[in-house]
**Q** 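Here it is, the structure in full.
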Amino acid sequence: MQAKPPLLSVVDASELLLNAAVAVGEIENLPTLNANGRVLAADQVAQINVPGMDNSQMDGYAVRAADCSSGTARLPVSQRIAAGHVGTALAPGTAARIFTGAMVPAGADAIVMQEDCEPDGDDVIIRATPTAGQWIRRVGEDITSGAIILPAGGRLRAQELGLAASVGLATLPVLRKLRVAVFFTGDELTMPGETLAPGAIYNSNRFLLRGLLENLGCEVSDYGIVPDQLQATRETLRAAAANHDLIITSGGVSVGEEDHVRPAVQAEGRLNMWQIAMKPGKPLAFGEIDRAAGGKAFFFGLPGNPVSTFVTFLIFVRPFLLRLQGVQQVQPRVLHMRADFDWPRADRRQEFLRARFNDTGGLDLFAHQGSGVLTSTVWADGLIDNAPGQTIVAGDQVRFLSFAELLH
């Protein structure tokens with residue numbers, strides 16, 4: 001009897017996947033207002049300085065510091081400068097009423113905040129001793145003309161869009177959205193709203209996967225529930241491969257008589273990876289589906305248990321998708337946190353345990369870590385990445401992957 005091949009480690013599986021992922025090449029120029037969540041295709045260089053001129057950080061008075069050395073100086077107010085307006089050069093021995101963001105007039109070298117000033121008719125009494133440069137934003141202090149402000153390969157968030165707008169970028173080059181097809185196998189699957197027959201279950205994975213993909217900005221085509229038949233599975237794979245970058249299925253990737261996804265993938269393309277030394281999520285498949293017109297679509301076959309689907313997506317599919325989108329940094333940051341629980345049952349596989357923050361700065365563990373307990377994913381704040389063979393004693397430092405890092 002031929003020995004089974006060893007399970008692939010999580011590290012080796014991740015390396016295999018990221019080496020296989022090649023970013024889509026098509027670029028489109030979008031209005032900056034519409035580019036939220038997209039991946040930048042080229043470095044963006046500032047053509048202006050920000051600020052473009054010396055300006056006031058405060059509402060107050062623009063002065064020459066030397067005119068206020070006494071600590072109680074009375075100066076005539078020679079002008080009023082609001083943001084968006086340009087004043088005249090400040091004459092020695094005078095002050096200019098100025099507002100936040102307004103251009104500092106030539107001759108002034110400090111701003112005195114209005115709380116330290118007392119208006120008195122046409123004069124102002126300065127009850128402070130300012131230093132040169134006080135409360136002045138200098139030209140180019142934030143951004144220097146010619147600097148790269150947004151490197152290629154980053155996902156654009158609200159702050160990146162604001163930064164692009166601050167240097168006048170009305171459009172941005174982005175990689176096109178990924179086209180992802182999903183379908184689900186299992187004659188027992190029923191949609192919410194339908195009558196639940198004996199032996200049937202509601203198809204939670206359909207909602208779970210679509211939400212995860214939409215969070216990552218993918219265009220999702222949903223082929224629904226496919227019958228547990230080899231031919232039906234092959235036909236759906238062929239149809240989905242024609243115009244999608246990636247196909248994701250849930251269920252049917254094990255070795256049972258009703259598990260048709262694996263042989264269907266092998267008939268329509270090739271299986272490059274199967275079965276990972278992780279818990280939950282051992283039966284994870286990755287491969288390629290050939291297109292009739294040439295080329296290929298990538299394929300992921302996720303386990304049918306909902307927690308296994310969720311975890312394998314976050315650990316493997318998410319970084320693969322990000323790399324296809326052109327993102328350079330695809331791995332989540334790891335937090336090292338205190339475990340406030342005991343985990344004496346070491347497993348030979350790498351475990352991903354559902355846990356959440358507590359009020360004392362540590363982590364609590366969900367009581368039931370079964371692969372079908374979807375409530376654990378709602379209760380938890382993230383996953384503890386626990387090495388194979390590793391027990392945990394309260395007080396130990398553990399590796400924690402926050403959902404804040406994993407879900408977008």
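Computed from a prediction, not measured in an experiment: that's the story for all the values here. FYI, side chains are in, hydrogens and waters are out, and symmetry mates aren't considered; it's all heavy atoms of this structure.
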**Q** Heavy atoms only: give me the nearest Thr144-Asn49 pair and the separation to one decimal.
**A**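 Closest approach of Thr144 to Asn49: CA-OD1, 3.5 Å.
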
**Q** Please check: side-chain N/O of Glu160 versus main-chain N/O of Arg157, any donor-acceptor pairing under 3.5 Å?
**A** yes

**Q** Do you see a donor-acceptor pair shorter than 3.5 Å between the side chains of Asn386 and Gln350?
**A** no

**Q** Using the rule given for side chain to side chain contact (heavy atoms under 4.5 Å, CB included), can you reason through Val39 versus Val174, listing the C-alpha separation, both sets of side-chain angles and the distance that settles it, and then say yes or no?
**A** CA-CA 5 Å; Val39 178; Val174 297; 6.0 Å; no

**Q** What do you reckon, are the aromatic ring centroids of Phe286 and Phe316 less than 6.0 Å apart?
**A** no

**Q** First locate atom CG of Asn29, then atom CD1 of Ile27, and finally report the distance between them rounded to the nearest 0.5 Å.
**A** 8.0 Å

**Q** Would you call Arg38 and Glu28 a salt bridge, taking side-chain N to carboxylate O under 4.0 Å as the test?
**A** yes

**Q** Is it true that Arg179 and Glu219 have a side-chain N and a carboxylate O under 4.0 angstrom from each other?
**A**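 Salt bridge between Arg179 and Glu219, a charged N being under 4.0 Å from a carboxylate O: no.
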
**Q** Nearest 0.5 angstrom please: Arg206 CZ to Ser250 OG, how far?
**A**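 Answer rounded to 0.5 Å: 11.5 Å.
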
**Q** Would you compute the distance between atom CD1 of Ile149 and atom CD1 of Ile143 and round it to the nearest 0.5 angstrom?
**A** 5.0 Å

**Q** Salt bridge or not for Arg354 and Asp381, using N-O below 4.0 Å?
**A**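 Salt bridge: no.
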
**Q** Can you tell me which residue pairs pass the side-chain hydrogen bond (donor to acceptor under 3.5 Å, both in side chains) test with a partner in residues 50-66, sequence neighbours excluded?
**A** Asp54-Arg138, Asn55-Arg137, Asp59-Thr100

**Q** Start with the C-alpha gap between Ile125 and Arg127, add the side-chain angles, then the distance that decides, and say whether side chain to side chain contact (heavy atoms under 4.5 Å, CB included) holds.
**A** CA-CA 6 Å; Ile125 301 172; Arg127 302 188 185 281; 3.9 Å; yes

**Q** Kindly say whether Asp12 contributes a backbone atom to a donor-acceptor pair with the side chain of Ser9 at under 3.5 angstrom?
**A**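 Flag set: sc Ser9 to bb Asp12 pair under 3.5 Å.
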
**Q** If only side-chain N and O atoms count, and only distance matters, is there a donor-acceptor pair under 3.5 Å linking Ser221 with His244?
**A** yes

**Q** Whether the side chain of Asp385 engages the backbone of Arg399 through a donor-acceptor N/O pair (distance < 3.5 Å, no angle test) should be reported.
**A** no

**Q** If we count only N and O atoms by modelled type, under 3.5 Å, do the side chains of Thr360 and Arg338 hold a donor and an acceptor together?
**A**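 The answer is yes; a qualifying pair exists.
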
**Q** About how many Å separate OG1 of Thr249 and CG of Leu209, when rounded to the nearest 0.5 Å?
**A**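 Here the rounded value is 9.0 Å.
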
**Q** Heavy-atom count check: over 12 atoms from other residues, nucleotides or ligands less than 6.0 Å from His336 NE2?
**A** yes

**Q** Tyr202 vs Leu196, test: side chain to side chain contact (heavy atoms under 4.5 Å, CB included). Steps then yes/no.
**A** CA-CA 8 Å; Tyr202 288 123; Leu196 198 62; 3.9 Å; yes

**Q** Are the charged groups of Asp347 and Lys279 less than 4.0 angstrom apart, N to O?
**A**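 A salt bridge links Asp347 with Lys279.
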
**Q** For Gly154, does its backbone N or O pair with a side-chain atom of Gln329 as donor and acceptor, under 3.5 Å?
**A** no

**Q** Quick check for you: to the nearest 0.5 Å, what is the distance between Asp396 atom CG and Thr391 atom OG1?
**A**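 So the CG of Asp396 and the OG1 of Thr391 are separated by 7.5 Å.
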
**Q** Is any side-chain heavy atom of Ser145 less than 4.5 Å from a side-chain heavy atom of Ile48?
**A**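 Contact flag for Ser145/Ile48 side chains = no.
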
**Q** Write down the atom of Ile247, the atom of Ala241, and the distance for their closest heavy-atom approach.
**A**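 Ile247 and Ala241 have their closest heavy atoms at CD1-N, 3.7 Å.
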
**Q** Do Leu178 and Leu246 touch side chain to side chain, with heavy atoms closer than 4.5 Å?
**A**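 The answer is no, as the side chains (C-beta and beyond) never meet within the 4.5 Å cut-off.
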
**Q** Could you tell me if the side chain of Leu407 sits less than 4.5 Å from the side chain of Leu212, heavy atoms only?
**A**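 In short, these two side chains touch, coming nearer than 4.5 Å.
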
**Q** Before giving the answer on ring pair (Phe, Tyr, Trp, His ring centres under 6.0 Å), spell out for Phe403 and Phe310 the whole-Å C-alpha distance, their side-chain angles and the decisive distance to 0.1 Å.
**A** CA-CA 11 Å; Phe403 287 155; Phe310 183 66; 5.4 Å; yes

**Q** Return the set of residues passing ring-ring contact (aromatic ring centres under 6.0 Å, His included) with Phe99 (not counting sequence neighbours), or none when no residue passes.
**A**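 ring-ring contact (aromatic ring centres under 6.0 Å, His included) check on Phe99 returns nothing, list empty.
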
**Q** Between Val139 and Met103, is there a side-chain heavy-atom distance shorter than 4.5 Å?
**A**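 Heavy-atom side-chain distance check fails, nothing below 4.5 Å.
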
**Q** Quick check: does any side chain N or O of Gln47 sit under 3.5 Å from a backbone N or O of Val167, one acting as donor and the other as acceptor?
**A**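 No.
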
**Q** Is the Phe320 to Phe300 ring centre distance short of 6.0 Å?
**A**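 Ring-ring flag for Phe320/Phe300: true, centres closer than 6.0 Å.
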
**Q** Which of these passes side chain to side chain contact (heavy atoms under 4.5 Å, CB included) with Phe313: Ile248, Leu208, Leu406?
**A**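 Option passing the side chain to side chain contact (heavy atoms under 4.5 Å, CB included) with Phe313: Ile248.
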
**Q** Do Trp343 and Gln390 pair up side chain to side chain, a donor and an acceptor below 3.5 Å, judged on atom types alone?
**A**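 There is no such pair (donor and acceptor under 3.5 Å, judged by atom type) between the side chains of Trp343 and Gln390.
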
**Q** What residue among His260, Glu268, Gln229 forms side-chain hydrogen bond (donor to acceptor under 3.5 Å, both in side chains) with Arg234?
**A**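 Between Arg234 and the candidates, side-chain hydrogen bond (donor to acceptor under 3.5 Å, both in side chains) is satisfied uniquely by Glu268.
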
**Q** Locate the shortest heavy-atom distance separating Gly101 from Ala83; write the atom from each residue and the value.
**A** C-CB, 4.1 Å

**Q** Got Lys282 and Met278 here, is their nearest side-chain heavy-atom distance under 4.5 Å?
**A**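 No. Closest side-chain heavy atoms not under 4.5 Å.
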
**Q** How close do Thr312 and Leu284 get, heavy atom to heavy atom, and via which atoms?
**A**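 Heavy-atom minimum between the residues: CB-CD1, 4.2 Å.
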
**Q** Examine distances only and state if a side-chain atom of Asn19 and a backbone atom of Glu15 form a donor-acceptor pair shorter than 3.5 Å.
**A** yes

**Q** Can a donor-acceptor pair be found, under 3.5 Å and without considering hydrogens, that links the side chain of Thr32 to the backbone of Leu169?
**A**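 Such a contact is found between Thr32 side chain and Leu169 backbone.
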
**Q** Could you go through Asn272 and Arg270, starting from their C-alpha distance and side-chain angles, then the distance that decides it, and tell me whether this counts as side chain to side chain contact (heavy atoms under 4.5 Å, CB included)?
**A** CA-CA 6 Å; Asn272 300 329; Arg270 63 210 57 86; 3.5 Å; yes

**Q** Heavy-atom distance under 4.5 Å between the side chains of Leu363 and Arg356, does that happen here?
**A**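 When only atoms from C-beta onward are counted, Arg356 and Leu363 do not touch, as no gap falls below 4.5 Å.
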
**Q** Mind listing the closest non-hydrogen atom pair of Leu383 and Ile315 along with its distance?
**A** CD1-CD1, 4.3 Å

**Q** Kindly say whether Ala42 contributes a backbone atom to a donor-acceptor pair with the side chain of Gln44 at under 3.5 angstrom?
**A**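 Yes, the answer is positive, given that a donor and an acceptor are paired below the 3.5 Å cut-off.
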
**Q** Taking salt bridge (Lys or Arg N to Asp or Glu O under 4.0 Å) as the test, write out the residues that go with Arg155, two or more places apart.
**A**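 For Arg155 there are no salt bridge (Lys or Arg N to Asp or Glu O under 4.0 Å) partners, ignoring immediate neighbours.
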
**Q** Judged by modelled atom types alone, do Asn205 and Thr309 share a side-chain donor-acceptor pair under 3.5 Å?
**A** yes

**Q** Do any N or O atoms from the side chain of Asp342 and from the backbone of Ala394 form a donor-acceptor pair under 3.5 angstrom?
**A** yes

**Q** Would the distance check show the side chain of Arg97 and the main-chain N or O of Arg80 forming a donor-acceptor pair, the cut-off being under 3.5 Å?
**A**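 Judged by distance alone, no pair lies under 3.5 Å.
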
**Q** Ring-plane angle category for Phe357 and Phe400, please: parallel below 30°, perpendicular beyond 60°, tilted otherwise.
**A**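 Ring orientation of Phe357 relative to Phe400: perpendicular.
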
**Q** Using a 4.5 Å cut-off on heavy atoms from C-beta on, say whether the side chain of Leu322 contacts that of Leu324.
**A**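 No, every pair of side-chain atoms sits at 4.5 Å or beyond.
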
**Q** Any side-chain heavy atom of Asn305 sitting closer than 4.5 Å to one from Pro280?
**A** no

**Q** For Met58 and Trp135, which heavy atoms make the closest approach, and how far apart are they?
**A** CE-CZ3, 3.4 Å

**Q** To the nearest 0.5 angstrom, please state how far the CD1 atom of Ile289 sits from the OG1 atom of Thr236.
**A**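 One gets 11.0 Å once the value is rounded to the nearest 0.5 Å.
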
